[in-house]
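Everything quoted here is computed from the prediction, not taken from an experiment.
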Amino acid sequence: MTSSTKIPLGRPWMGEEEEAAALRVLRSGRLTQGPEILAFEEELAAACGRRWAVAVSSGTAALHLALWACGVGPGQTIRVPAFTFPATANVVRLLGAEVELVDVNERTWCMRLPDKLEGRHRSLTVHQFGFPTRVFEGDISDAACAAGVPGAMTGLCACLSFHPRKVLTTGEGGAIVGDDEGLRDALRTLRSHGLVPRTDSGRFVHFDLPAPALNYRMPEVCAAVGRVQLAKLPGMLSERRVLVERYRARLGGLEMQADTPSRSWQTFAVVVPDGIDRESVRARLADEGIETQVGSYGVHTLAAYRAEAALFPVADRLHRQALALPLWNGLPEGDVDRVAGALFRALESTA
């Protein structure tokens with residue numbers, strides 16, 4: 001059966017306010033590193049409970065710059081969860097450091113951490129789908145999915161993503177939030193080619209380039225949209241919780257990620273029971289007009305990071321069986337019921 005009304009996996013929550021903000025920037029003629037960036041950074045830092053924010057072009061850029069500014073490089077080993085989007089591991093490898101994959105907790109789907117920091121081994125902790133988890137004080141927090149969750153804005157700094165599937169989106173974009181002003185200044189330099197201003201008697205003379213860097217700047221129009229989204233964030237998080245609670249009530253009996261009062265629901269996923277082929281379930285849901293996606297990646301299964309699956313039993317199972325269902329602001333509650341019913345039919349027909 002194919003429904004004429006399709007239910008997408010995700011859809012950004014945009015309206016007239018975002019359109020007006022974008023138009024304001026386009027008409028201003030100032031499209032980069034202007035007042036919208038400064039205002040967005042100030043408002044985002046306040047919302048995250050940190051002293052500053054540095055806006056960048058993507059969540060991956062945020063991770064890359066944060067590790068780079070903290071001196072991560074050859075000779076270091078960084079712990080990364082074995083169940084996460086590959087960008088988390090990629091930025092470590094691209095800086096020349098070694099990736100140590102670690103299995104995840106079967107309830108929270110977040111990385112299992114040792115009791116204390118050991119030697120040079122640091123952790124890049126991911127708050128999986130917005131679930132806040134413990135972070136060592138000097139470590140970097142991958143909070144890509146956790147905008148609006150104070151408990152996830154921890155560590156030396158936290159990195160956010162504003163991709164269209166995130167709760168708060170700027171189209172593409174990201175940010176780093178933290179408290180150390182020296183780190184902030186380093187991030188600002190690294191995001192803009194490595195250029196630093198030179199002055200004479202307090203007057204700007206020219207830029208110098210002590211070391212090469214990259215262009216990871218966020219456009220003004222993205223920052224303007226982000227400011228509108230940031231004001232809507234509490235309401236968007238509340239609506240998602242209502243939708244997730246409806247899912248959880250309709251899908252009782254299926255395994256799913258743990259909940260906690262202070263979390264965002266960037267993604268809602270269930271675990272297809274063992275013995276049932278997830279891809280067959282996805283195909284049947286697609287036939288009913290329902291878009292789904294794998295929960296996330298078992299990084300140990302990817303060619304660049306291949307490792308023995310037995311070392312990561314939870315991550316390996318989630319890689320094979322976790323199934324992300326439609327979740328977005330504005331999703332009708334009736335569509336939640338439709339997805340739940342279709343999922344049970346798909347599970348029964350493929351058992």
Side-chain angles (χ1 to χ4, degrees), residues 33 36-73 76 78-81 84 87-88 91-92 95 97 110-111 113 117 120-128 130-163 166-168 170 173-192 194 196 211 213-214 216-218 222-223 226-227 229-230 233 262-264:
Q33 296 303 107
E36 297 292 343
I37 289 288
L38 295 175
F40 180 55
E41 290 178 334
E42 181 178 338
E43 292 161 10
L44 179 64
C48 293
R50 303 301 295 260
R51 293 181 62 184
W52 50 258
V54 175
V56 293
S57 56
S58 70
T60 303
L63 291 170
H64 190 202
L65 288 190
L67 290 171
W68 191 0
C70 290
V72 171
Q76 297 187 32
I78 307 297
R79 295 185 183 91
V80 172
T84 186
T88 313
V91 293
V92 176
L95 287 166
C110 297
M111 181 167 59
L113 287 171
L117 191 63
R120 292 182 299 175
H121 284 47
R122 302 171 67 181
S123 301
L124 182 50
T125 303
V126 178
H127 304 283
Q128 189 66 268
F131 190 101
T133 190
R134 183 166 62 100
V135 178
F136 288 122
E137 184 177 350
D139 281 342
I140 294 166
S141 174
D142 183 341
C145 300
V149 183
M153 300 298 113
T154 52
L156 177 62
C157 60
C159 302
L160 295 93
S161 170
F162 306 130
H163 180 273
K166 302 300 189 286
V167 182
L168 187 161
T170 60
I176 308 104
V177 297
D179 299 322
D180 184 277
E181 293 184 0
L183 176 59
R184 177 202 62 193
D185 294 343
L187 290 167
R188 287 176 174 174
T189 298
L190 290 174
R191 77 172 172 187
S192 192
V196 295
L214 297 167
Y216 276 160
R217 296 187 297 252
M218 174 185 281
C222 293
R227 295 180 65 194
Q229 289 269 295
L230 190 57
L233 183 58
S262 178
R263 68 158 295 172
S264 65

Would you list the atom pairs, donor with acceptor, under 3.5 Å between side chains in residues 185-192 and any protein atom, with sequence neighbours excluded?
residue: T189; atom: OG1; partner: D185; partner atom: O; Å: 3.2
residue: R191; atom: NH1; partner: E41; partner atom: OE2; Å: 2.8
residue: R191; atom: NH1; partner: A55; partner atom: O; Å: 2.8
residue: S192; atom: OG; partner: R217; partner atom: NH1; Å: 2.9

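The closest side-chain heavy-atom distance from Q229 to F162 is not below 4.5 Å. Proximity of V54 to R184: side-chain heavy atoms (C-beta onward) are separated by under 4.5 Å at one or more points. Using a 4.5 Å heavy-atom cutoff, the side chains of T125 and S141 are not in contact.
The structure places CD of E43 at 11.0 Å from CG of L38, a figure rounded to the nearest 0.5 Å. From C145, atom SG reaches atom NE2 of H163 across 10.5 Å, with rounding to the nearest 0.5 Å. Distance check: L124 CG to L67 CG gives 5.5 Å after rounding to the nearest 0.5 Å. Atoms CG and CG, from D142 and L63 in turn, are 4.5 Å apart once rounded to the nearest 0.5 Å. In this structure, L160 CG and H127 NE2 are separated by 9.5 Å, a value rounded to the nearest 0.5 Å. Going from atom OG of S57 over to atom CG of L65 covers 8.0 Å, rounded to the nearest 0.5 Å.
In terms of heavy atoms, V72 sits closest to L95 at O-CB, 3.8 Å. Closest of all the heavy-atom pairs between A147 and S264 is O-CB, 4.1 Å. Smallest separation of non-hydrogen atoms from R263 and Q128: NH2-O, 4.0 Å. The minimum heavy-atom distance between L156 and R50, with the atom names listed, is O-NH2, 3.2 Å. Summarising the geometry of S123 relative to M111, their closest heavy-atom pair is CB-CE, 3.9 Å, with the distance given to 0.1 Å. In terms of heavy-atom proximity, A152 sits nearest to A146 at CB-CB, 3.6 Å.
Counting only distance, with no hydrogens or angles, the side chain of E36 and the backbone of R227 share no donor-acceptor pair below 3.5 Å. Without hydrogens or angle criteria, W68 side chain to G73 main chain gives no donor-acceptor distance under 3.5 Å. For the pair D139 (side chain) and G155 (backbone), a donor-acceptor distance under 3.5 Å is absent.
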key: Residue pair H64, L214: steps toward the side chain to side chain contact (heavy atoms under 4.5 Å, CB included) verdict   = CA-CA 10 Å; H64 190 202; L214 297 167; 3.9 Å; yes

task = Quick one: do V126 and C110 satisfy side chain to side chain contact (heavy atoms under 4.5 Å, CB included)? Show the steps, please.
result = CA-CA 6 Å; V126 178; C110 297; over 6 Å; no

request  = Please assess I176 against C159 for the test side chain to side chain contact (heavy atoms under 4.5 Å, CB included), listing each intermediate value before the final yes or no.
outcome  = CA-CA 5 Å; I176 308 104; C159 302; 4.2 Å; yes

